[in-house]
Peer 1: 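Below is a structure I'd like to ask you about.
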Amino acid sequence: MIEKILRPYIPERFVSDARYRRGHIRVINPLPGTRVLGLHIPDMRKSAAELTSSADRAAELIRQFEAAPERSLYYEEYMVWGMMLNRMKMPLEERLDRLRAFVPHIDNWAVCDSVCADARWARPGNRLTWAFILEHLASHMEFEVRYGLILYMSRMMEESTLPEIFRLMEGLDLEHIHSDYTQGKADRDSPDLCPGTAAGRPPYYVRMAMAWLMATALAKYPELTRRLLAKARTRLPEDVLRLYVRKARESFRTRTVSPF
């Protein structure tokens, strides 16, 4: 759809160096069949900024994105779509409606997390955005749930709402959240794409989002987080708690902080 606009930003190394190309794609870990051009995040942000410089052009392009069949676009096109929705000037209600059309198309962690990180429109305490997050936490699709968790973590985390988020995470029925990834190791000999595997139990990217959110909460609100995760009261799965401890120990903000 906007392939011609994005192609000038493709790094020469992505085209000429097969090992670099495999490494780049392996980090994204897209599902089989996903087409990847190889752009870097700053160049996708630049493209999104250029495409939103004209309101009429941006609105028409968003309509075209919304009409595209599922998984028919390049990875970078989905990324630019989400970045455009973050940048465009529009009422919050309209933005949330446009995002409701976009989020079901997310099928990898990179698009999810980058779009959430750039969501400067999200303000802590806003009731509409809070309700929007709760909608996604009620989903049975892996990246819709992850989107809600990462948007809260990136833009909406507050001490007053943290107990409710922890309660909602405890209530997630992880066994019934659909994931297109399977448990296993990526094939390092794959010439192009990883074969839709993740290192832990499905929905792996929801479990990791929960762990990352808790580690971030530990950095911001350590006493409250430890109380919420007290062994006598938490109902979070053991594998998620182990991932949380790992994330906390990996972060420079919490590596010396007791996680419980």
Side-chain angles (χ1 to χ4, degrees), residues 1-52 61-62 64-65 68-87 102-119 141-144 146-147 150 154 178-209 211-212 243 246-247 250:
M1 187 173 296
I2 57 170
E3 178 185 352
K4 291 183 179 179
I5 295 171
L6 299 180
R7 280 199 173 276
Y9 294 106
I10 299 175
E12 189 280 331
R13 189 178 178 187
F14 184 84
V15 177
S16 63
D17 187 335
R19 182 177 179 182
Y20 174 85
R21 182 168 59 251
R22 286 195 297 270
H24 179 93
I25 295 173
R26 190 173 293 117
V27 169
I28 301 167
N29 195 17
L31 290 167
T34 301
R35 297 175 297 167
V36 179
L37 292 169
L39 273 68
H40 296 143
I41 294 292
D43 292 323
M44 288 186 270
R45 288 196 181 110
K46 182 177 180 180
S47 295
E50 292 172 349
L51 291 169
T52 53
L61 187 54
I62 293 299
Q64 292 178 32
F65 279 138
E70 184 178 357
R71 293 185 181 173
S72 63
L73 304 179
Y74 283 90
Y75 151 75
E76 289 84 358
E77 290 180 307
Y78 288 115
M79 186 78 83
V80 171
W81 178 4
M83 290 175 171
M84 289 177 65
L85 290 178
N86 284 335
R87 296 184 64 92
F102 163 73
V103 172
H105 291 270
I106 299 174
D107 63 4
N108 66 78
W109 73 268
V111 171
C112 177
D113 295 11
S114 296
V115 171
C116 287
D118 282 347
M141 300 301 294
E142 179 171 26
F143 286 100
E144 293 186 27
R146 183 180 174 100
Y147 178 85
I150 301 300
S154 300
H178 174 75
S179 174
D180 289 315
Y181 287 81
T182 57
Q183 184 174 359
K185 294 182 178 180
D187 181 2
R188 293 187 174 275
D189 295 324
S190 173
D192 289 304
L193 300 179
C194 301
T197 59
R201 292 174 58 196
Y204 174 75
Y205 288 103
V206 170
R207 296 176 193 272
M208 283 300 300
W212 189 13
L243 289 170
R246 190 180 84 187
K247 295 290 288 185
E250 290 174 349

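FYI, side chains are in, hydrogens and waters are out, and symmetry mates aren't considered; it's all heavy atoms of this structure.
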Peer 1: Under 4.5 Å between any side-chain heavy atoms of Asp43 and Glu76, yes or no?
Peer 2: no
Peer 1: Can you tell whether the side chains of Asp118 and Arg87 come within less than 4.0 Å, N to carboxylate O?
Peer 2: no
Peer 1: Quick check: does any side chain N or O of Arg146 sit under 3.5 Å from a backbone N or O of Val206, one acting as donor and the other as acceptor?
Peer 2: no
Peer 1: When you compare the side chain of Ile5 with that of Leu51, does any pair of heavy atoms fall below 4.5 Å?
Peer 2: yes
Peer 1: Evaluate the criterion side-chain contact (heavy atoms from CB on, under 4.5 Å) for residue pair Met1 and Leu61; output intermediate values, then yes/no.
Peer 2: CA-CA 9 Å; Met1 187 173 296; Leu61 187 54; 4.2 Å; yes
Peer 1: Shortest non-hydrogen contact from Ser114 to Met79?
Peer 2: CB-SD, 3.5 Å
Peer 1: Taking Glu77 for its side chain and Ile2 for its backbone only, find out whether a donor-acceptor pair lies under 3.5 Å.
Peer 2: yes
Peer 1: Check whether any side-chain heavy atom of Val111 lies under 4.5 Å from a side-chain heavy atom of Phe102, and answer yes or no.
Peer 2: yes
Peer 1: For His105, does its backbone N or O pair with a side-chain atom of Glu70 as donor and acceptor, under 3.5 Å?
Peer 2: no
Peer 1: Provide the closest heavy-atom pair for Ile28 versus Ala110 in the form atom of the first, atom of the second, distance.
Peer 2: CG2-CB, 4.3 Å
Peer 1: Would you compute the distance between atom OG1 of Thr34 and atom OH of Tyr74 and round it to the nearest 0.5 angstrom?
Peer 2: 12.0 Å
Peer 1: Given Ile150 and Trp212, is the side-chain contact (heavy atoms from CB on, under 4.5 Å) satisfied, shown in steps?
Peer 2: CA-CA 9 Å; Ile150 301 300; Trp212 189 13; 3.6 Å; yes
Peer 1: Determine, step by step, whether Asp180 and Asp107 satisfy the side-chain contact (heavy atoms from CB on, under 4.5 Å) criterion, reporting the C-alpha distance in whole Å, the side-chain angles of both residues, the deciding distance to 0.1 Å, and the verdict.
Peer 2: CA-CA 8 Å; Asp180 289 315; Asp107 63 4; 5.5 Å; no
Peer 1: Which of these, Val80, Leu37, Leu6, sits in a side-chain contact (heavy atoms from CB on, under 4.5 Å) with Met44?
Peer 2: Val80
Peer 1: Can you list everything that forms a ring-ring contact (aromatic ring centres under 6.0 Å, His included) with Phe65? Sequence neighbours excluded, please.
Peer 2: Trp81
Peer 1: Are Arg246 and Glu250 close enough for a salt bridge, meaning some N to O gap below 4.0 Å?
Peer 2: yes
Peer 1: Which heavy atom of Ser179 sits nearest a heavy atom of Pro203, and at what distance?
Peer 2: CB-CA, 4.1 Å
Peer 1: Do Met83 and Thr52 have side chains that get closer than 4.5 Å, going by heavy atoms?
Peer 2: no
Peer 1: Applying salt bridge (Lys or Arg N to Asp or Glu O under 4.0 Å), which residue pairs with at least one partner in residues 4-15 are found, sequence neighbours left out?
Peer 2: Glu3-Arg7, Arg13-Asp17
Peer 1: To the nearest 0.5 Å, what is the distance between CG (Asn108) and CG (Leu31)?
Peer 2: 7.5 Å
Peer 1: Kindly give the heavy-atom pair with the smallest separation between Pro30 and Val36, and that separation in Å.
Peer 2: CG-CG2, 4.3 Å
Peer 1: Determine the interplanar angle of the His40 and His24 rings, folded into 0 to 90°, and report it as parallel if under 30°, tilted if 30 to 60°, perpendicular if over 60°.
Peer 2: tilted
Peer 1: With the side chain counted from C-beta on, respond yes when Asn86 and Val115 share a heavy-atom pair under 4.5 Å apart, and no when they do not.
Peer 2: yes
Peer 1: Could you pull out the closest heavy-atom pair between Trp109 and Val27, with the gap in Å?
Peer 2: NE1-O, 2.9 Å
Peer 1: So, for Cys116 and Ser154, which heavy atoms are closest and what is the spacing to 0.1 Å?
Peer 2: O-CB, 4.1 Å
Peer 1: Would you please name every residue forming a ring-ring contact (aromatic ring centres under 6.0 Å, His included) with Tyr181, sequence neighbours left out?
Peer 2: Tyr205
Peer 1: Val15 versus Tyr20: any side-chain heavy-atom pair under 4.5 Å?
Peer 2: no
Peer 1: Kindly indicate whether the side chain of Tyr9, heavy atoms from C-beta on, has any atom under 4.5 Å from the side chain of Lys46.
Peer 2: yes
